[in-house]
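Some notes on the structure that comes next.
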Amino acid sequence: MPTDNLSRELHSYLVRIGLNPANLSPQMEHYLEHLLYLLPPEEEEAVEHYYGLFGCQRRSLQEIAKKLNLSQEDAMERIDQCVRKLAVTPEWQMLKQTIDK
């Protein structure tokens, strides 16, 4: 789990959306897709599968690590880095304001 507040907020949001995709409006889904496009494709895919976003089957850390050719620890670190990278973007800050309303 991410350690800083910005990353924790995004992590919590992604967990909620992954568990309850019906709570995501089409507009918010569009914004979230654009946020994830800021990542390189393999990292975007890892995040989508880790959280189970956009109808993707949630995958275990072991499966994600194998696909990335990393240890599970390194794969988790990479996902945490992705969340941190996205959490500090103006795009997430704007999206977060929309969620908070």
Side-chain angles (χ1 to χ4, degrees):
M1 168 115 134
T3 55
D4 63 278
N5 284 340
L6 289 174
S7 298
R8 267 198 305 272
E9 287 174 341
L10 179 53
H11 169 78
S12 294
Y13 178 71
L14 294 175
V15 167
R16 284 194 317 269
I17 294 306
L19 293 174
N20 300 301
N23 292 345
L24 188 63
S25 72
Q27 182 181 19
M28 293 302 283
E29 182 174 354
H30 178 74
Y31 292 156
L32 187 56
E33 286 173 346
H34 278 280
L35 179 68
L36 292 181
Y37 288 154
L38 298 172
L39 297 172
E42 85 173 359
E43 291 180 350
E44 178 184 353
E45 184 179 336
V47 170
E48 287 175 357
H49 285 288
Y50 181 76
Y51 290 102
L53 303 174
F54 313 122
C56 289
Q57 171 97 21
R58 221 175 146 210
R59 292 195 181 148
S60 69
L61 190 56
Q62 181 179 7
E63 292 172 302
I64 294 168
K66 185 176 179 181
K67 176 117 170 106
L68 294 173
N69 294 316
L70 297 171
S71 69
Q72 288 185 50
E73 294 80 14
D74 289 342
M76 188 72 256
E77 185 175 326
R78 173 86 70 83
I79 291 168
D80 284 344
Q81 288 170 351
C82 290
V83 170
R84 174 67 183 155
K85 193 184 311 181
L86 295 174
V88 299
T89 64
E91 290 85 352
W92 166 243
Q93 295 309 309
M94 288 174 53
L95 181 61
K96 189 171 77 118
Q97 289 176 1
T98 306
I99 296 165
D100 292 340
K101 290 182 181 175

- Query: Are L70 and L39 joined in one hydrophobic group, where the rule is that I, L, V, M, F, W and Y side chains link up if heavy atoms are under 4.5 Å apart?
  - Reply: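 L70 and L39: one cluster.
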
*Can you hop from Y37 to L95 via hydrophobic side chains spaced under 4.5 Å?*
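Different clusters: Y37 never reaches L95 through Ile, Leu, Val, Met, Phe, Trp or Tyr contacts under 4.5 Å.
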
Q.
Before you tell me yes or no, could you show the steps for Y13 and L24 under side chain to side chain contact (heavy atoms under 4.5 Å, CB included), namely the whole-Å CA-CA distance, both residues' side-chain angles and the distance that decides it to 0.1 Å?
A. CA-CA 11 Å; Y13 178 71; L24 188 63; 3.3 Å; yes

Exercise. Dump the intermediate steps for side chain to side chain contact (heavy atoms under 4.5 Å, CB included) on M28 and L32, then the final yes or no.
Key: CA-CA 6 Å; M28 293 302 283; L32 187 56; over 6 Å; no

How long is the straight-line distance from [atom2] of [Y] back to [atom1] of [X], given to the nearest 0.5 Å?
X: F54; Y: E33; atom1: CZ; atom2: CD; answer: 4.5 Å
X: N5; Y: H11; atom1: CG; atom2: NE2; answer: 13.0 Å
X: H30; Y: S25; atom1: NE2; atom2: OG; answer: 11.0 Å
X: L68; Y: H49; atom1: CG; atom2: NE2; answer: 10.5 Å
X: L36; Y: E91; atom1: CG; atom2: CD; answer: 11.5 Å

### Query
With a 4.5 Å heavy-atom cut-off, do R16 and N23 have their side chains touching?
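Not touching, per the 4.5 Å side-chain cut-off.
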
Once side chain to side chain donor-acceptor pair (under 3.5 Å) is applied, do any residues pair with [X], and if so which ones, sequence neighbours excluded?
X: Q27; result: Y31
X: Q93; result: none
X: E29; result: none

field: For K67, all residues meeting salt bridge (Lys or Arg N to Asp or Glu O under 4.0 Å), sequence neighbours excluded
entry: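 K67 satisfies salt bridge (Lys or Arg N to Asp or Glu O under 4.0 Å) with E45 only.
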
With E9 via salt bridge (Lys or Arg N to Asp or Glu O under 4.0 Å) - residues at least two apart
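Partners of E9 by the salt bridge (Lys or Arg N to Asp or Glu O under 4.0 Å) criterion, ordered by chain and then number, come out as K96.
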
Search all heavy atoms of [X] against all heavy atoms of [Y] and return the closest pair with its distance.
X: L61; Y: A75; value: CD1-CB, 4.1 Å
X: I64; Y: R59; value: CD1-O, 3.8 Å
X: R58; Y: Y51; value: CG-C, 4.0 Å

Practice item. Answer yes or no: is there an ion pair linking R78 with E73, defined by an N-O contact shorter than 4.0 Å? Key: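 E73 and R78: not salt-bridged.
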
- Task: Spell out, as yes or no, whether a donor-acceptor pair under 3.5 Å connects the side chain of Q97 to the backbone of M94.
- Result: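 No; zero donor-acceptor contacts below 3.5 Å.
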
Show me the donor-acceptor pairs, under 3.5 Å and distance only, between side chains in residues 81-89 and residues at least two apart or in other chains.
{"from": "Q81", "atom 1": "NE2", "to": "E77", "atom 2": "OE2", "distance (Å)": "3.3"}
{"from": "R84", "atom 1": "NH1", "to": "D4", "atom 2": "OD2", "distance (Å)": "2.8"}
{"from": "K85", "atom 1": "NZ", "to": "E43", "atom 2": "OE1", "distance (Å)": "3.3"}
{"from": "T89", "atom 1": "OG1", "to": "L86", "atom 2": "O", "distance (Å)": "2.7"}
{"from": "T89", "atom 1": "OG1", "to": "W92", "atom 2": "N", "distance (Å)": "3.1"}

